[in-house]
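Report on the following structure.
Numbers restart at 1 for each chain; the letters A, B, ... are given by sequence-line order, proteins then strands.
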Number of protein chains: 2
Amino acid sequence: MGNEMIPDIVVGRLPLYLRTLQLMSAEGRQVTSSQELGERLGISAAQIRKDLSQFGEFGKQGTGYHIDYLANQIKKILHLNKSWDVVVVGAGDVGHALSRYQGFSNRGFTVSMVFDNDPAKIGQKVGGFIVESIAELPELVEKAQIKVAMLAVPAAQAQQVTDMLVKAGVKAILNYAPINLLVPQDVKVQYIDPVLHLQRMSYYLE
Amino acid sequence: MGNEMIPDIVVGRLPLYLRTLQLMSAEGRQVTSSQELGERLGISAAQIRKDLSQFGEFGKQGTGYHIDYLANQIKKILHLNKSWDVVVVGAGDVGHALSRYQGFSNRGFTVSMVFDNDPAKIGQKVGGFIVESIAELPELVEKAQIKVAMLAVPAAQAQQVTDMLVKAGVKAILNYAPINLLVPQDVKVQYIDPVLHLQRMSYYLE
DNA sequence: TAGATTGTTAATCGATTAACAATC
DNA sequence: TAGATTGTTAATCGATTAACAATC
């Protein structure tokens, strides 16, 4: 219903709003305004109001936004009113850190399996998970109806593993390998490459 | 010289171009075109030409771009014709992964120290580095003239550590803590929060 | 030369901001 | 009521794309 034409750039800011609202809530706050949110985020108040207005009317004139209410609405919009099971592929340092990261569970995601192709790692424990063989990935991911994966394998294997994930029904991939992935249109990919961020900043260094 | 008004969004794409050029170079390729680059990156050829034209003329009509030459020019623009020493603050899982990550050295950065405030970790080896106490950070960072830091401490301590880093002369911070940092105008911050990426994708999941 | 591709200008598109009536 | 802040419209700003002369 006039839904899928919301700009992705707007969608991308919602998690930022949510994070700040949850921080405010943890501080014991009840109510905020677009102005205050904007100041904490470095975003204009007008933009926050405009972004939110794409999804409904969540505030009260003269008062602002009820923090918990708005946070919950944003959670619903982002489909975070459930917890998504996520698999980690690659049990190296990055996969290890991801599988142990405590910051997922209360933000809508639960790591449920860890995979690797190294026989020395398969069967070992990493972050509380027994590392499974990538050979088992298609069956396990499909059976568990996993839709989200974090990819932490070497760049040379990233596309191949991606193809497996897509075939097994995964629709969202967070890719830590420094390489562009080719996926069907209905599969989303987000990229994390710390070096890109560092290089972007070094432009401004003397 | 008509220099500092280049949009940051353009600067942000240069590392992406560089990464692709270096990949092509590793494939043994000599020459490419804005069209080919665009296809590999999912960016229009016109945009790539426009971006590059902000910095000079690097191509030849009818031929395209010499890959190694263009890569080197971009490296110079991004100040990557030297290697920047970087410190890692926080020797938890993320800091551990960062300090061992092999992908920095050939892309312009060298991890040179690791800090933590946990007495149980100080003096221990992490990724080939002896973990230093955060108490030593101001002196060590200033003496070594470190300009770049990666921050992997709990959110609650991130701002405080940031203030120390800034005071010690750091001008670029890659922040893994899920929190907005306040810094002076001449200090750049980039953020990595995997959950933001996951949440952005979950919008598109059913 | 003919074909290809650059660098650049002008046109288009989209995102951000300013402003304000509505209203709590 | 008076003050504050929303949701929204119109104005502005900036980024992307299309098109093409220049030229290798």
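Using modelled atom types and a 3.5 Å distance limit, the side chains of A:T110 and A:S83 yield a donor-acceptor pair.
Under the 4.0 Å criterion applied to side-chain N and carboxylate O atoms, B:R107 and A:D193 are assigned as salt-bridge partners. Taking 4.0 Å as the cut-off between side-chain N and carboxylate O, B:K147 and B:D85 do not count as a salt-bridged pair. Comment: B:K121 does not engage B:E132 in a salt bridge, judged by the lack of any side-chain N to carboxylate O separation of less than 4.0 angstrom.
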Enumerate, atom names and distances included, each donor-acceptor pair closer than 3.5 Å involving a side-chain atom of residues 135-146 of chain B, sequence neighbours excluded.
from, atom 1, to, atom 2, distance (Å)
B:E139, OE2, B:K143, NZ, 3.4

The dot-bracket string of DNA chain C, counting Watson-Crick and G-U wobble pairs with both distances under 3.5 Å, using [ ] for crossing pairs and | for pairs to another strand, is ..||||||||||||||||||||||
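For B:R100, the CZ atom sits in a loose shell: 12 or fewer heavy atoms of surrounding residues, nucleotides or ligands are nearer than 6.0 Å.
With the nearest nucleotide of DNA chain C identified for both A:K60 and A:D51, A:D51 has the one nearer the 5' end. Each of B:G62 and A:Q47 has a nearest nucleotide on DNA chain C; the 5'-most of these lies closest to B:G62.
In the 5' to 3' direction, nucleotides of DNA chain D lying under 4.0 Å from heavy atoms of chain B begin and end at D:dA15 to D:dC24.
Applying side chain to side chain contact (heavy atoms under 4.5 Å, CB included) to A:L151 and the options A:V88, A:L174, A:V89, A:I192 leaves one that passes, A:V89.
In this structure, the separation between CZ on B:R13 and CG on B:L18 is 15.0 Å, given to the nearest 0.5 Å.
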